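So the structure is just underneath, and the comments pick up after that.
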Amino acid sequence: QVQLVESGGGLVQAGGSLRLSCAASGLTFSTVAMGWFRQAPGTEREFVAAMSRSGGVTSYTDSVKGRFTIFRDNAKNTGYLQMNSLKPEDTAVYYCAARRADAFFSVFTRSSGYDYWGQGTQVTVSS
């Protein structure tokens, strides 16, 4: 059974940093592409960042470019989202997602492209 478990969320002041982790089990992490999404109250889930199976290709939504970094450690079966210079508008529940991918360099920016999801971790940025 595949499981994704996020951690690392919390309350931080504007300008601060957090690192989210996504620990995977039940699959070989090096065979999956991964992504991070977020959902604020009253809004739809939105794409934040994605990384290819190889780790060599990444994609970010415009609002987080230059502030967030997605990366992975296949040996630890874990993906990460480093978030710097946080803003109040980054406040949301953050979800990691994964899908098995034959292609090494494809990234997936739509939530419908993912097969597995974590339970989410709350990130709150105070002004």
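Here the structure is a predicted model, which means the values were calculated and not measured.
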Requested in this report: Rounded to the nearest 0.5 Å, what's the gap from OG on S127 to NZ on K87? Could you check?
Outcome: 14.0 Å
**Report entry** Taking every non-hydrogen atom, the tightest pair across A14 and P88
**Finding:** CB-CD, 4.1 Å
Report task. First locate atom CZ of R38, then atom CD of E89, and finally report the distance between them rounded to the nearest 0.5 Å. Result -> 8.5 Å
Query raised in the report: Is the shortest heavy-atom distance from the side chain of V93 to the side chain of T121 under 4.5 Å?
Result: no
Query raised in the report: Hey, are the side chains of R72 and M34 touching, using non-hydrogen atoms and a 4.5 Å cut-off?
Result: yes
**Report entry** Spatial distance of atom CE (M83) from atom CG (L20) [nearest 0.5 Å]
**Finding:** 3.5 Å
Report task. Could you walk me through whether R53 and D102 pass the salt bridge (charged side-chain N to carboxylate O under 4.0 Å, His left out) test, one step at a time? Result -> CA-CA 8 Å; R53 171 183 171 182; D102 292 330; 5.2 Å; no
Report task. Mind checking the CG-CD spacing from L27 to Q1? Nearest 0.5 Å is all I need. Result -> 11.5 Å
Report summary line: So CD of Q119 and SG of C96: to nearest 0.5 Å the spacing works out to 7.5 Å
Requested in this report: May I ask you to decide if S30's main-chain N or O and N77's side chain share a donor-acceptor pair within less than 3.5 Å?
Outcome: no
Report task. May I ask you to decide if F105's main-chain N or O and S52's side chain share a donor-acceptor pair within less than 3.5 Å? Result -> no
Query raised in the report: Just by modelled atom types, is the A24 backbone N or O under 3.5 Å from a matching donor or acceptor in the Q3 side chain?
Result: no
Requested in this report: Start with the C-alpha distance between Y60 and T69, add both sets of side-chain angles, then the distance that settles side-chain contact (heavy atoms from CB on, under 4.5 Å), and finish with yes or no.
Outcome: CA-CA 8 Å; Y60 297 91; T69 303; 3.9 Å; yes
Requested in this report: Establish whether V57 and M51 are linked, either directly or via other cluster members, by ILVMFWY side-chain heavy-atom contacts under 4.5 Å.
Outcome: no
Query raised in the report: Closest heavy-atom contact between W36 and G79?
Result: CZ2-O, 4.2 Å
Query raised in the report: Which atom pair, heavy atoms only, marks the closest approach of D90 to S85?
Result: OD2-O, 4.5 Å
Query raised in the report: A40 and T91: which non-hydrogen atoms are nearest, and at how many Å?
Result: CB-O, 3.7 Å
**Report entry** Contact list for residues 73-103, test ring pair (Phe, Tyr, Trp, His ring centres under 6.0 Å), sequence neighbours left out
**Finding:** F71-Y80
Query raised in the report: Among the clusters formed by ILVMFWY side chains lying less than 4.5 Å apart, do F104 and V32 turn up in the same one?
Result: no
Report task. Answer with yes or no whether the hydrophobic clustering places L81 together with L86; edges join I, L, V, M, F, W, Y residues whose side-chain heavy atoms lie under 4.5 Å apart. Result -> yes
Query - Residues which pass ring pair (Phe, Tyr, Trp, His ring centres under 6.0 Å) with F37, listed by chain and number, not counting sequence neighbours - result: F47, Y114, W117
Report task. For D62, check salt bridge (charged side-chain N to carboxylate O under 4.0 Å, His left out) against everything at least two apart and list the hits. Result -> K65
Report task. Please step through side chain to side chain donor-acceptor pair (under 3.5 Å) for the pair S17 and N84, ending with a clear verdict. Result -> CA-CA 4 Å; S17 297; N84 298 329; 2.9 Å; yes
Query raised in the report: When rounded to the nearest 0.5 angstrom, what distance separates SG in C22 from CD in E6?
Result: 5.5 Å
Query raised in the report: Which atom pair, heavy atoms only, marks the closest approach of V48 to V64?
Result: O-CG2, 3.7 Å
Query raised in the report: Taking all non-hydrogen atoms of both residues, which atom of R99 and which atom of D115 are closest, and how far apart?
Result: CB-OD2, 3.7 Å
Requested in this report: Go through the steps to decide whether R100 and Y116 satisfy the test side chain to side chain donor-acceptor pair (under 3.5 Å), and finish with yes or no.
Outcome: CA-CA 9 Å; R100 289 187 170 87; Y116 308 109; 2.5 Å; yes
